[in-house]
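Worksheet: the structure to be examined is printed underneath.
Counting starts at 1 for both ligands and their atoms, following the listed order. Below, all heavy atoms of this structure are taken into account, side chains as well, without hydrogens, waters or symmetry copies.
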Amino acid sequence: MKCKMMKTEIYSLLDGDSSEAIAKAAEYIRAGELVGIPTETVYGLAGSALYAEAAVKIYTAKGRPSDNPLIVHIAEPADAEQIAYTTPLYYALAEKYMPGPLTIILPKKAVIPDTVSGGLQTVAVRCPSHPAARELIRVSGHPIAAPSANSSGKPSPTTAAHVYEDLQGKIPLILDGGACSIGVESTVIALNAQGDGCIILRPGAITREMLETVCGNVAVAEAVTDPGKAGDKPQSPGMKYKHYSPKCSVILVDAPTDEAFIEYVNRNGQGKFGVLAVEEETDRFSTGTVLSLGKREEEAEHARRLFALLRQADDMELETLYVRLPARNGIALASYNRIIRAAGGEIVKLS
Ligand code: AMP
Ligand code: MG
């Protein structure tokens, strides 16, 4: 289906009273239209989760395959009852981590159209902590389906300008809430059949270690660190798709030390190339454009900047971007998962 081009307005939520902007957005949601909205993770492309047609518009605007299901956002953890069959473990996790960047897959109720769930009998449920997102859900009176508001395959948007770049002319309104505080998408988990644990399908700011404080039994899906393991019928359909790719080619380097990484880039970098580096190392590269991830120890900051830096590399028309492979624990696992997909799964391993 083709998208009708329309004028895209941007309403700021940052100066003064935002109730008018939220009311306007709620009107669009109730009318089956789409709105770009801020959340604490990344910007979302929001539509009513009760309307199959809104989901179709979302897939079309993003160019997203329609078997890649949408996350449904609710205003309160208990509102999950309206759309899904909950379990005690859902509430134990919700108690600690909702509202917040955690998405839980649950069996869906009939009010959620199959189009929203990509044909699955489960639905991904999230209660965002961003006040504007929650207010919009409340005022519209609808649960809201909202994938990241980027064109499918591109880095996720962490500012309203990123959303405009990808979706101008395709949606009537973007709410500008400033830069997202977390900057990577929510952690997606499925609960195990025994009811005592879960599996991480997509890592995010609610880390494995944090989940383990609620349920001891936390697994990480193999495809999280190895996209090649997703297979044709992955646990989460999104695992099989290309993701987060800037136009420039990303060279991911698994380096044992900072020295080894710097030396590799200084030896191999040529043409219009850039490098993502921690702030302490930015002056160690002899040529190329150095983009700072933030201070070495601040891994949440690295994750927060990652998508914006990938977009910046394209804005600067870099041809190649060198990135050091992140660690696999804490929030660094989220950066690892995104960057390995941006690099198309290839890693240069230095000994
Ligand atoms: P995004 O909408 O861009 O934040 O991506 C949502 C992610 O959640 C995708 O990777 C989806 O495949 C995944 N997802 C959504 N619904 C389900 C579901 N019912 N079962 C498994 N994974 C899901
Ligand atoms: Mg996405």
Report the protein N/O/S neighbours of the Mg ion (ligand 2) that fall below 2.8 Å; do not count waters. Ser148 OG
So, [X] versus [Y]: side-chain donor-acceptor pair below 3.5 Å or not?
{"X": "Tyr336", "Y": "Arg328", "value": "yes"}
{"X": "Ser151", "Y": "Lys62", "value": "no"}
{"X": "Arg338", "Y": "Ser156", "value": "no"}
{"X": "Ser286", "Y": "Asn266", "value": "yes"}

Thr122 and ligand 1 - part of the residue with a heavy-atom distance under 4.0 Å: both
Structural part of Gln121 in contact with ligand 1, heavy atom criterion under 4.0 angstrom: neither
Nearest to [atom], what protein heavy atom do you find, and at what distance?
{"atom": "atom 13 (C) of ligand 1", "value": "Ser236 OG, 3.2 Å"}
{"atom": "atom 8 (O) of ligand 1", "value": "Val188 CG2, 4.0 Å"}
{"atom": "atom 17 (C) of ligand 1", "value": "Pro69 CG, 3.4 Å"}
{"atom": "atom 18 (C) of ligand 1", "value": "Ile105 CD1, 3.5 Å"}
{"atom": "atom 10 (O) of ligand 1", "value": "Gly238 CA, 3.4 Å"}
{"atom": "atom 11 (C) of ligand 1", "value": "Asn68 OD1, 3.2 Å"}

Any N/O pair [X]/ligand 1 closer than 3.5 Å:
{"X": "Lys62", "value": "no"}
{"X": "Glu185", "value": "no"}
{"X": "Gln235", "value": "no"}

Any salt bridge between [X] and [Y], counting N to O under 4.0 Å?
{"X": "Asp114", "Y": "Lys108", "answer": "yes"}
{"X": "Asp258", "Y": "Arg324", "answer": "yes"}
{"X": "Glu53", "Y": "Lys57", "answer": "no"}
{"X": "Glu27", "Y": "Arg30", "answer": "no"}
{"X": "Arg311", "Y": "Glu165", "answer": "yes"}

Mark the output for Ser117 as yes if a heavy-atom distance to ligand 1 is under 4.0 Å, and as no if none is. no
Does ligand 1 have any atom sitting under 4.0 Å from a heavy atom of Lys108? no
May I ask you to check if Lys24 and Tyr11 form a cation-pi contact, with NZ or CZ under 6.0 angstrom from the six-membered ring centre and within 45° of the axis? no
Residue [X] vicinity, atoms of ligand 1 by number, heavy atom under 4.0 Å:
{"X": "Arg202", "value": "1 (P), 4 (O), 5 (O), 6 (C), 7 (C)"}
{"X": "Ile71", "value": "4 (O), 6 (C)"}
{"X": "Leu120", "value": "18 (C), 19 (N), 20 (N)"}

Looking only at heavy atoms, which two atoms of Cys248 and Asp314 are closest? And how far apart? N-OD1, 3.1 Å
What one should report as the nearest heavy-atom pair of Tyr90 and Leu191 is N-CD1, 4.1 Å
Please determine whether side-chain contact (heavy atoms from CB on, under 4.5 Å) holds for the pair Leu350 and Val348, giving the CA-CA distance in whole Å, both sets of side-chain angles, and the decisive distance to 0.1 Å. CA-CA 6 Å; Leu350 307 180; Val348 176; 4.0 Å; yes
One pair to check against side-chain contact (heavy atoms from CB on, under 4.5 Å): Met98 and Leu93. What are the steps and the verdict? CA-CA 7 Å; Met98 289 188 191; Leu93 289 161; over 6 Å; no
